[in-house]
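Here's the structure, in structure tokens; my notes come after.
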There are 2 protein chains.
Amino acid sequence: MTNNFHMGTNYLLKVITGKWKVSIICALGLRDYRYLELLKYENDVNHTKISKKVLTEQLNQLEEDGIITKKSYGTIPPKVVYSLTTIGQELAKKLTNLNFLGEKLAQVNQANISFDINAQQVKNLHKEEQD
Amino acid sequence: MTNNFHMGTNYLLKVITGKWKVSIICALGLRDYRYLELLKYENDVNHTKISKKVLTEQLNQLEEDGIITKKSYGTIPPKVVYSLTTIGQELAKKLTNLNFLGEKLAQVNQANISFDINAQQVKNLHKEEQD
DNA sequence: CCGAATCCTAAGCGATACTG
DNA sequence: CAGTATCGCTTAGGATTCGG
């Protein structure tokens, strides 16, 4: 065992660092998404704005890093579907698995677990959506 | 189950995002460290320069986020020892657990898993150290 | 020995407008 | 529909210097 036992973790962290990447990976863990679908989903779930430029950037990086793949149907208007690679699916599971610890930590810290509004507000939003 | 099942993960990611945080957490997973010890360790293991300012910043943030604690002996010259909290230890385990997936991904991508030199060079370095 | 204060650069992110 | 191109703001990180 070397001192570099965390290099893989660091590499992985580098791959998933980016404001929306974890959210994207978790989303694609549930089902495939088209481009604008994903844009809407992210804006929706996180209650904050993601620009098309940034979404494109992060998708390209995730593809380059072997986490996701895109399939372009050559149609007009275009249709592009994003999905996880095999290793991407593994990653999605692990990330979801980290969720519990993250929530526990947030609770201990009494931290704001949402992007820009607090958990209670999120709950209220969901209540409103149900009404 | 809401759509926010990854918010804990995102929160956790926010806590551990920072160029040296994972490395710090993993280091403290092995044993406690003093300030300059940690500085030397990081520069040593990662073969790149971390400034005192950044180390202090990241340590403060990790402390604020409930991952580590510091103990100051009131001596002159000062002595300060950093260690993991209980939840920090849990985190260290999970991160170490991610290491395998990260290494696998790096291999698939034929990526440079070190900070600034490649894996083969790291191996050579270790060989030299043994000589 | 353990930082804090200052300055600087590079990168990340967002808004907006345009295109095949 | 699925992107590019351009711009400007904000933040992270590093070098250096000073202090208790």
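Every chain is numbered from 1 and lettered A, B, ... according to where its sequence line falls, protein lines coming before strand lines.
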Contact check, residues 72-83 of chain A vs DNA chain D, heavy-atom distance under 4.0 Å, returns A:Pro77, A:Pro78, A:Lys79, A:Val80, A:Tyr82
Test your reading of the model: is there a side-chain donor-acceptor pair from B:Gln58 to the backbone of B:Trp20, 3.5 Å cut-off? yes
Output the rounded distance in Å from CG (A:Leu55) to C1' (C:dA15). 15 Å
Cation-aromatic face contact B:Lys79/B:Tyr73, 6.0 Å, 45 degrees: yes
Pick the nucleotide of DNA chain C nearest each of B:Glu37 and A:Ile50; which residue has the one closer to the 5' end? B:Glu37
Whole angstrom value for the distance that separates P of D:dG3 from CG of A:Leu36: 9 Å
Between the base of C:dG3 and the side chain of B:Lys52, is there any donor-acceptor pair under 3.5 Å? yes
For B:Arg34 and B:Pro78, which heavy atoms make the closest approach, and how far apart are they? NH2-O, 3.6 Å
Donor-acceptor pair, side chain of B:Thr75 and main chain of B:Pro77, under 3.5 angstrom: yes
Give the rounded distance in Å between these two atoms: CD of A:Glu63 and P of D:dA2. 15 Å
Across the strands shown, which category fits A:Gln58 at heavy-atom distances under 4.0 angstrom: base, sugar-phosphate, nothing? sugar-phosphate
Length of the OH-P vector between B:Tyr33 and C:dC2, whole Å: 14 Å
Atom CG of A:Asn43 and atom C1' of C:dC13: how far apart are they, to the nearest Å? 14 Å
Send over the distance from A:Leu39 CG to C:dC13 P, rounded to a whole Å. 15 Å
B:Val54 has its side chain closest, among C:dG3, C:dG14, D:dG14, to D:dG14
Supply the atom-to-atom distance A:Lys21 NZ to A:Cys26 SG, rounded to the nearest 0.5 angstrom. 14.0 Å
D:dC1 phosphate, OP1 or OP2: any side-chain N/O from A:Arg34 under 4.0 angstrom? no
Quick check against the 3.5 Å criterion: does B:Ser83 have a side-chain atom that pairs as donor or acceptor with the backbone of B:Asp32? no
In whole angstroms, how far is the C1' atom of D:dA15 from the CD atom of B:Glu57? 13 Å
May I ask you to verify whether the side chain of B:Lys53 and the base of D:dG13 hold a donor-acceptor pair under 3.5 Å? yes
Using the rule given for side chain to side chain contact (heavy atoms under 4.5 Å, CB included), can you reason through A:Tyr82 versus A:Glu37, listing the C-alpha separation, both sets of side-chain angles and the distance that settles it, and then say yes or no? CA-CA 10 Å; A:Tyr82 290 90; A:Glu37 246 180 357; over 6 Å; no
Does D:dG14 have OP1 or OP2 under 4.0 Å away from a side-chain N or O of B:Lys19? yes
Between D:dT16 atom C1' and B:Lys49 atom NZ, what is the distance in whole Å? 12 Å
